[in-house]
Amino acid sequence: MARIVDILKLQHEHPERLQFAEDGMRDFGYKTWCLQLLKELDDAYVYKIMDAVSEEDDYDDGEENEDYDDDGDETEVETYGCEECEAIVADSKGNIYFTTVLTYDGNHYTKDEISRWRYSFFEALLDISKREQYMTKEECLEEIVGMTDYRIASLMPYNTPEGYADIVAL
């Protein structure tokens, strides 16, 4: 209940951010869309883009979606229970950008937040490596390279980068 109340409160605090996001959608060629406020991020709001139709959708270029590997089978990616959606971020100065948001257990993470967590985790692993020499630099790098954005989004609600680095280094 608190999360719903917080979202409703945010919607009324800075209505200009929604207007900036809608202007951005128009500027980038979208004809129709629906925006849902997901969260506040620093001085900006993150809106999920739903049911968007762009002007380019009117033209069929004949190309098919290539979500298939060489065998013709669909490529399977472990999502760890995350849902992915496109989003637009608008701040109070009118700056906007498009991003992808991963949602896990009711928490929403932009690609930037996931990248920062990944970098902090890597730094924490290197720090442990230097201090206690449990891992080599190469092992630290191998650990971080194997982590998808989905995996990181599933870890973020329950682990700080430093805390997870301690677990991995055991």
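Predicted model, so just to flag it, every value in this text is computed and none were measured.
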Contacts under 3.5 angstrom, residues 87-95 side chains, donor-acceptor by atom type, not counting sequence neighbours:
{"from": "Asp91", "atom 1": "OD1", "to": "Lys93", "atom 2": "N", "distance (Å)": "2.9"}
{"from": "Asp91", "atom 1": "OD1", "to": "Gly94", "atom 2": "N", "distance (Å)": "3.0"}
{"from": "Asp91", "atom 1": "OD1", "to": "Asn95", "atom 2": "N", "distance (Å)": "2.8"}
{"from": "Asp91", "atom 1": "OD2", "to": "Asn95", "atom 2": "ND2", "distance (Å)": "3.0"}
{"from": "Ser92", "atom 1": "OG", "to": "Asp43", "atom 2": "OD1", "distance (Å)": "3.2"}
{"from": "Ser92", "atom 1": "OG", "to": "Asp43", "atom 2": "OD2", "distance (Å)": "2.7"}

For residues 161-169, dump all side-chain donor-acceptor pairs below 3.5 Å to protein atoms at least two apart in sequence or in another chain.
{"from": "Tyr164", "atom 1": "OH", "to": "Arg151", "atom 2": "NH2", "distance (Å)": "3.4"}

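Grouping the Ile, Leu, Val, Met, Phe, Trp and Tyr side chains by contacts below 4.5 angstrom, directly or via other members, places Trp33 apart from Met50. In terms of hydrophobic clustering, with Ile, Leu, Val, Met, Phe, Trp and Tyr side chains grouped at heavy-atom distances under 4.5 Å, Leu102 and Leu38 are assigned to different clusters. Follow the hydrophobic side-chain contacts under 4.5 Å out from Ile114 and you never reach Tyr158; the two are in separate clusters.
For the pair Val46/His108, no side-chain contact is recorded, criterion being any heavy-atom separation below 4.5 Å from C-beta on. Residues Ile152 and Phe121 form no side-chain contact, since every pair of their non-hydrogen atoms from C-beta on lies 4.5 Å or further apart. Contact annotation: the side chain of Tyr47 never approaches that of Met25 to less than 4.5 Å [non-hydrogen atoms, C-beta and beyond]. Looking at heavy atoms from C-beta onward, Val101 lies out of side-chain contact with Lys48 at the 4.5 angstrom threshold. Asn107 has its side chain out of reach of Met156: every pair of non-hydrogen atoms, C-beta onward, lies at least 4.5 Å apart. Contact of the Thr110 side chain with the Thr100 side chain is not registered, since no non-hydrogen atoms from C-beta on lie closer than 4.5 Å.
Between Pro157 and Tyr104, the shortest heavy-atom distance links the atoms CG-CD2, 3.7 Å. The shortest non-hydrogen separation linking Thr148 to Arg118 is C-NH2, 3.6 Å. Nearest heavy-atom pair across Leu41 and Tyr97 is CD2-OH, 4.2 Å. In plain terms, the two heavy atoms of Phe28 and Phe98 that are nearest each other are CD1-CE1, 3.4 Å. A pairwise comparison of heavy atoms in Ser129 and Met135 identifies OG-O, 2.6 Å as the closest pair. Scanning both residues, Ala153 and Tyr109, for their nearest heavy atoms gives O-CE1, 3.7 Å.
With sequence neighbours excluded, the residues that form a salt bridge (charged side-chain N to carboxylate O under 4.0 Å, His left out) with Arg26 are Asp23. By the side-chain contact (heavy atoms from CB on, under 4.5 Å) test, Lys137 pairs with Leu126, sequence neighbours left out. Evaluation of the salt bridge (charged side-chain N to carboxylate O under 4.0 Å, His left out) rule for Lys39 yields Glu113 as partners, not counting sequence neighbours. Not a single salt bridge (charged side-chain N to carboxylate O under 4.0 Å, His left out) links Lys130 to another residue, sequence neighbours left out.
Put simply, the side chain of Tyr45 never gets that close to the backbone of Leu37: no donor and acceptor are under 3.5 Å apart.
Under a cut-off of 6.0 angstrom, the local environment of OH in Tyr119 is sparse, with at most 12 non-hydrogen atoms contributed by other residues, nucleotides or ligands. Remark: Gln19 CD is packed, more than 12 non-hydrogen atoms of other residues, nucleotides or ligands lying under 6.0 Å away.
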(request) Kindly determine whether Ile49 and Tyr30 satisfy side chain to side chain contact (heavy atoms under 4.5 Å, CB included), including the steps that lead there. (result) CA-CA 11 Å; Ile49 301 171; Tyr30 288 95; 5.5 Å; no
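Between the OG atom in Ser120 and the CG atom in Leu125 there is a gap of 11.0 Å [rounded to 0.5 Å].
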